[in-house]
There are 2 protein chains.
Amino acid sequence: MPDEPREPVMRATYRALCAHGYANLTMQDIADETDLSKAALHYHYDTKRDLLTTFLDALASWYEGRLDDLAGDTAAERLRALFDECLSCEDSDYPAFHTAMLEVKAQAPYEERYRTRLATVDEVLTARIRTIVAEGVDDGTFRDVDPTATAELLVDVLAGAHTRNVAVGRNLAGTRARLDDYVEDQLLAHDADDGPEHDAAGDGEHDADADVDSDQEHGGSADRDGTSVDRPAEASR
Amino acid sequence: MPDEPREPVMRATYRALCAHGYANLTMQDIADETDLSKAALHYHYDTKRDLLTTFLDALASWYEGRLDDLAGDTAAERLRALFDECLSCEDSDYPAFHTAMLEVKAQAPYEERYRTRLATVDEVLTARIRTIVAEGVDDGTFRDVDPTATAELLVDVLAGAHTRNVAVGRNLAGTRARLDDYVEDQLLAHDADDGPEHDAAGDGEHDADADVDSDQEHGGSADRDGTSVDRPAEASR
């Protein structure tokens with residue numbers, strides 16, 4: 001299908017997901033965001049699930065590109081850039097799109113094609129963190145932590161932050177701040193004179209964290225740069 | 001409504017959620033799991049959302065009771081018992097119920113009553129962890145970490161583990177094992193002679209973690225005791 005207007009359709013799908021969520025999304029909603037008729041859209045995609053599968057493919061590719069291109073001279077800087085990618089929420093579409101994505105995740109057990117694409121995104125993220133942590137361990141800037149276990153823990157944190165943000169309105173900025181503390185306290189190899197004592201995190205910095213997290217509505221913080229993950233359309237608009 | 005058969009209806013709702021998921025669940029499905037007619041069920045609950053709201057209330061109460069009653073003489077033991085509660089998956093209904101709960105979480109932005117109940121569960125869990133960590137800090141068995149920041153990070157981990165389990169099939173046992181390592185490496189106050197070095201987690205234990213986590217289907221591990229959270233019906237069957 002060389003004439004398939006894939007890129008505009010992907011952007012239209014993104015906008016329609018933001019506007020309608022996943023459960024209520026129709027092919028007409030997506031067509032309404034393009035110059036195409038619903039019939040023309042159906043020529044390329046039999047069902048909403050077919051179209052969403054292609055959308056998740058595009059999302060995975062886009063996401064992989066973003067994570068390949070993280071700024072930072074050190075492992076700690078690249079890890080922080082990755083957290084910025086994953087947890088920023090400056091876009092006004094952010095809450096709506098992440099709500100739709102949580103709906104898609106909840107549909108994954110019923111739709112194997114969603115599941116495989118979401119698994120790809122999960123694996124790409126996990127592998128990227130594992131690589132960065134291994135680089136930090138190898139060059140001595142990180143302690144001798146296990147890169148695999150660290151990556152899995154951090155991906156759990158990132159996934160949980162998004163779920164809690166959508167479901168109960170916990171803001172992402174709180175998690176973002178805690179991950180800075182995690183890098184500082186658990187990963188960075190400090191000199192002996194500030195080493196072990198620094199591990200104990202009761203240093204006052206964390207007190208601010210309670211304020212950051214105090215039941216703000218989701219998407220309420222726009223104090224971080226970068227584009228959130230799961231937003232392929234943003235990069236190509 | 002003193003004659004409302006609430007407890008059997010809650011158990012029926014649990015079973016119907018496991019069998020049908022949330023999106024496709026009908027009042028008839030729930031009535032079919034009880035001795036009541038659909039009309040009788042509607043006498044007590046106008047809509048599926050009304051019934052689900054009551055179900056989430058029951059869930060929150062049940063959950064609070066479970067977390068109030070954790071076994072363990074020390075803070076570390078109580079924290080591990082809490083992790084067992086939150087991440088066990090021995091029940092064969094487990095994957096289906098957690099899939100339904102993720103659907104409910106994804107509906108929370110559209111249904112304020114779900115959101116407030118889910119927020120209660122989130123707050124109960126966070127507060128319980130915060131209290132346990134504070135107890136450990138106070139009695140000197142834990143390092144001087146910030147209980148609030150630690151609790152929020154751990155709740156992110158627990159929520160993320162469940163989301164990834166449903167969406168991409170990562171098993172919960174991997175997260176459970178990593179949390180044991182977290183307690184050991186980050187929370188427990190070790191004696192000076194095994195202190196700082198113990199922080200570095202490249203100790204071989206973590207290598208097993210990669211195996212535990214190797215893309216098993218969700219619910220595949222039943223090697224932990226305890227009853228998973230979000231399963232009120234189990235406790236009262």
Side-chain angles (χ1 to χ4, degrees), chain A residues 21-23 95-96 99 102-110 114-115 118-119 121-123 137 143-146 148-150 152-153 155-164 166-170 174-175 177-178 181-182 185-186 195-196 199-203 205-207 209-210 213 215 218, chain B residues 21-23 95-96 99 102-110 114-115 118-119 121-123 137 143-146 148-150 152-153 155-164 166-170 174-175 177-178 181-182 185-186 195-196 199-203 205-207 209-210 213 215 218:
Chain A
Y22 170 78
T99 296
L102 192 62
E103 291 183 83
V104 171
K105 288 177 186 174
Q107 286 300 304
Y110 308 114
Y114 294 177
R115 189 183 183 85
L118 292 170
V121 171
D122 188 275
E123 285 156 18
V137 171
R143 300 177 189 193
D144 188 24
V145 299
D146 181 77
T148 298
T150 301
E152 291 289 346
L153 186 80
V155 175
D156 278 349
V157 170
L158 295 169
H162 279 290
T163 297
R164 295 176 75 204
V166 171
V168 302
R170 302 300 288 176
T175 297
R178 284 188 291 277
D181 292 341
Y182 184 89
D185 298 336
Q186 317 298 351
D199 295 343
D203 53 17
E205 274 178 47
H206 294 76
D207 295 343
D209 187 77
D213 240 329
D215 285 327
H218 66 231
Chain B
Y22 170 78
T99 296
L102 192 63
E103 291 182 83
V104 170
K105 288 177 186 174
Q107 286 301 304
Y110 308 115
Y114 294 177
R115 189 182 183 85
L118 292 170
V121 171
D122 188 275
E123 285 156 18
V137 171
R143 300 176 189 195
D144 188 24
V145 299
D146 182 77
T148 297
T150 302
E152 291 288 346
L153 185 79
V155 175
D156 278 350
V157 170
L158 295 170
H162 279 290
T163 297
R164 295 176 75 204
V166 171
V168 302
R170 302 299 289 175
T175 297
R178 284 188 291 279
D181 291 342
Y182 183 89
D185 298 335
Q186 317 297 353
D199 294 344
D203 52 16
E205 274 178 45
H206 293 78
D207 296 341
D209 189 77
D213 241 329
D215 285 327
H218 68 232

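Chain identifiers are assigned alphabetically (A, B, ...) following the order of the sequence lines, protein sequences preceding nucleic acid strands; residue numbering begins at 1 within each chain.
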Requested in this report: Output the distance between atom CG (A/Leu153) and atom CG (B/Leu153), rounded to the nearest 0.5 Å.
Outcome: 6.5 Å
Report task. Determine, step by step, whether B/Glu103 and A/Gln107 satisfy the side-chain contact (heavy atoms from CB on, under 4.5 Å) criterion, reporting the C-alpha distance in whole Å, the side-chain angles of both residues, the deciding distance to 0.1 Å, and the verdict. Result -> CA-CA 8 Å; B/Glu103 291 182 83; A/Gln107 286 300 304; 3.7 Å; yes
Query raised in the report: At a heavy-atom separation under 4.5 Å, does B/Val155 approach chain A through its side chain, its backbone, both, or neither?
Result: both
Report summary line: Answer key: most heavy-atom pairs under 4.5 Å with chain A among B/Ala119, B/Gly21, B/Ala23, B/Ala106 is B/Ala106
Query raised in the report: Rounded to the nearest 0.5 Å, how far does CG of A/Asp122 lie from CZ of B/Arg164?
Result: 4.0 Å
Requested in this report: State which residues pass side-chain hydrogen bond (donor to acceptor under 3.5 Å, both in side chains) with B/Tyr182; sequence neighbours excluded, sorted by chain then number.
Outcome: none
Query raised in the report: Is a donor on one side and an acceptor on the other found under 3.5 Å between the side chain of A/Arg115 and the backbone of B/Val166?
Result: yes
Report summary line: Whatever's closer than 4.5 Å to a heavy atom in chain B on A/Val137 counts as neither
Report summary line: Closest heavy-atom pair, A/Ala108 versus B/Ala167, reported as atoms and distance to 0.1 Å, is CB-O, 3.3 Å
Query raised in the report: Is it the side chain or the backbone of A/Tyr110 that comes within 4.5 Å of chain B heavy atoms, both, or neither?
Result: side chain
Requested in this report: Quick one: pull up OG1 in B/Thr150 and CG in A/Asp181 and give me the separation to the nearest 0.5 Å.
Outcome: 9.5 Å
Query - Any residue meeting side chain to side chain contact (heavy atoms under 4.5 Å, CB included) with B/Ala161, in chain and number order, not counting sequence neighbours - result: A/Asp156, B/Leu87, B/Leu172, B/Thr175
